[in-house]
A.B. asks: 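One structure coming up, written as structure tokens, with questions to follow.
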Protein chains: 2
Amino acid sequence: MGPAKRIELSEEQIHLIAKALADPRRMELLRQIGRGTDPVGCSSIRDCQQVSAATLSHHMKELEIAGLVKVTREGKFASYTLRRDVLQAYMDQLAQI
Amino acid sequence: MGPAKRIELSEEQIHLIAKALADPRRMELLRQIGRGTDPVGCSSIRDCQQVSAATLSHHMKELEIAGLVKVTREGKFASYTLRRDVLQAYMDQLAQI
DNA sequence: ACATCAATTAGATGCTTATCGAAATGTCTA
DNA sequence: TAGACATTTCGATAAGCATCTAATTGATGT
């Protein structure tokens, strides 16, 4: 399989994605999550980035509502994976400018 | 000729570009400026978008310091062109995530 | 049930920014 | 030079947001 379908973004989602990418910390989070293909847990993230749990939670929620990451919950843990299809859709939008 | 050289962006410029793209009004400005290849004047812009001169000036400065538009001044007029090479460099950065 | 730990939410604080009207700057023309 | 016009800058206001600590929720293991 793979990125079967091309995604269409609403103006609203474009705005959410752009805002999500406009914070350096979130950019760094995305890079870390996108480094591999496996889901990345909160603790792994906090090992690499100096940030409080509350702030991390806030940023991950922003990334999630932007559609840029998928959250997987197992028990008390949360893991994140980059949604490359959504990122690609945003790049397609920029290319259309 | 054409877009001869591939542009490298600093982290700082990446941040400036991301912030510039995160405002819906600026996004719309970019789209309008990028529509054709000719420079676009302030009055053309204000014909299409309802915005005060002061606010427009502010946004165009943000786009300029982000490197996304080139400003051409002739007498009392200012015109803008989209810097596609910079936009492309930003897209390349996103693709590297 | 209780203690512990991961993650989220609540509440507060300080910084950034979008917006406008008014004033200033710069340019053109009569 | 004086007036008209385009753009920018100034000053103020309001909204948004990043960040933290503290409190809460929810799951796990003893």
Side-chain angles (χ1 to χ4, degrees), chain A residues 10-33 38-82 90, chain B residues 10-33 38-82 90:
Chain A
S10 65
E11 271 305 306
E12 162 125 22
Q13 192 170 1
I14 291 171
H15 185 209
L16 288 173
I17 293 172
K19 276 193 296 179
L21 295 173
D23 182 85
R25 175 148 263 160
R26 282 193 292 261
M27 194 71 172
E28 208 46 54
L29 289 171
L30 272 189
R31 288 188 178 120
Q32 182 175 349
I33 294 167
D38 295 349
V40 178
C42 282
S43 55
S44 307
I45 294 175
R46 293 194 63 195
D47 286 346
C48 297
Q49 303 209 32
Q50 190 176 343
V51 63
S52 75
T55 300
L56 177 60
S57 180
H58 161 70
H59 285 310
M60 296 317 294
K61 176 181 269 185
E62 295 293 312
L63 290 173
E64 188 192 358
I65 66 177
L68 284 169
V69 300
K70 182 164 73 80
V71 190
T72 314
R73 286 171 216 282
E74 280 192 49
K76 53 182 172 177
F77 301 98
S79 295
Y80 303 90
T81 51
L82 175 61
Y90 181 66
Chain B
S10 66
E11 271 304 307
E12 163 125 23
Q13 192 170 2
I14 291 172
H15 186 209
L16 289 173
I17 293 171
K19 277 193 296 180
L21 295 173
D23 182 85
R25 174 149 264 159
R26 283 193 291 261
M27 194 72 171
E28 207 47 53
L29 289 171
L30 272 190
R31 288 188 177 120
Q32 182 175 349
I33 294 167
D38 296 349
V40 178
C42 283
S43 53
S44 307
I45 294 175
R46 293 194 62 196
D47 286 346
C48 297
Q49 303 209 31
Q50 189 176 342
V51 62
S52 75
T55 299
L56 177 60
S57 180
H58 162 69
H59 284 309
M60 295 316 296
K61 175 182 271 187
E62 295 293 312
L63 290 173
E64 187 192 359
I65 66 178
L68 284 169
V69 300
K70 182 164 72 82
V71 190
T72 314
R73 286 170 216 282
E74 280 191 50
K76 54 182 173 176
F77 300 100
S79 295
Y80 304 91
T81 52
L82 175 61
Y90 181 66

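Chain A is the first sequence line, chain B the second, and so forth, proteins listed ahead of strands; every chain is numbered from 1. Just so you know, these numbers come straight off a predicted model, no measurement behind them.
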A.B. asks: Taking any heavy-atom pair under 4.0 Å as a contact, classify A:A53: base, sugar-phosphate, or nothing.
C.D. replies: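 Base, at least one base heavy atom under 4.0 Å.
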
A.B. asks: In terms of the nearest nucleotide of DNA chain D, which residue is placed more toward the 5' end: A:R26 or A:G75?
C.D. replies: A:R26

A.B. asks: Write down the distance between NZ (A:K76) and C1' (D:dA27), rounded to a whole number of angstrom.
C.D. replies: 7 Å

A.B. asks: Considering only side-chain heavy atoms of B:T55, which listed nucleotide, D:dT8, C:dC20, D:dC20, is closest?
C.D. replies: C:dC20

A.B. asks: For A:R46, report the nucleic acid contact type (base, sugar-phosphate, nothing); a contact means any heavy atom under 4.0 Å.
C.D. replies: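 Touches nothing.
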
A.B. asks: Between D:dT8, C:dC20, D:dC20, which one does the side chain of A:A54 approach most closely?
C.D. replies: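 Closest nucleotide to the A:A54 side chain: D:dC20.
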
A.B. asks: Checking A:R25 side chain against A:L56 main chain: does a donor-acceptor pair fall under 3.5 Å?
C.D. replies: no

A.B. asks: Heavy atoms only: give me the nearest A:L29-A:I45 pair and the separation to one decimal.
C.D. replies: CD2-CG2, 3.4 Å

A.B. asks: Please state how far atom CE in A:M60 lies from atom P in C:dA6, giving the value in whole angstrom units.
C.D. replies: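 Interatomic distance, CE of A:M60 to P of C:dA6: 17 Å.
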
A.B. asks: Start with the C-alpha gap between A:Y80 and A:M60, add the side-chain angles, then the distance that decides, and say whether side chain to side chain contact (heavy atoms under 4.5 Å, CB included) holds.
C.D. replies: CA-CA 8 Å; A:Y80 303 90; A:M60 296 317 294; 3.4 Å; yes

A.B. asks: How long is the line joining NE2 of A:H58 and P of C:dA6, in whole Å?
C.D. replies: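 So the two atoms are 22 Å apart, to the nearest Å.
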
A.B. asks: Between the side chain of A:E64 and the main-chain N/O of A:K70, is any donor-acceptor distance below 3.5 Å?
C.D. replies: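 No, because the side chain of A:E64 does not come within donor-acceptor range (under 3.5 Å) of the backbone of A:K70.
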
A.B. asks: Counting the atoms with a prime plus P, OP1 and OP2 as sugar-phosphate, which does A:H59 contact under 4.0 Å by heavy atoms, base, sugar-phosphate, or nothing?
C.D. replies: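 The residue A:H59 makes sugar-phosphate contact but no base contact.
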
A.B. asks: Take atom CZ of A:R73 and atom P of D:dT25, then tell me their distance rounded to the nearest Å.
C.D. replies: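 Those two atoms, CZ and P, are 17 Å apart.
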
A.B. asks: NZ of B:K19 versus P of C:dC15: gap in Å, rounded?
C.D. replies: 16 Å

A.B. asks: Has B:H15 got a side-chain atom pairing as donor or acceptor with A:D23's backbone, closer than 3.5 angstrom?
C.D. replies: no

A.B. asks: Using whole Å, report how far CD1 of B:I65 lies from C1' of C:dT16.
C.D. replies: 13 Å

A.B. asks: Between atom NZ in A:K61 and atom P in D:dC17, what is the gap in whole Å?
C.D. replies: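 About 13 Å, once rounded to whole Å.
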
A.B. asks: Can you tell me the distance, in whole Å, between the CG atom of B:L56 and the P atom of D:dT7?
C.D. replies: 8 Å

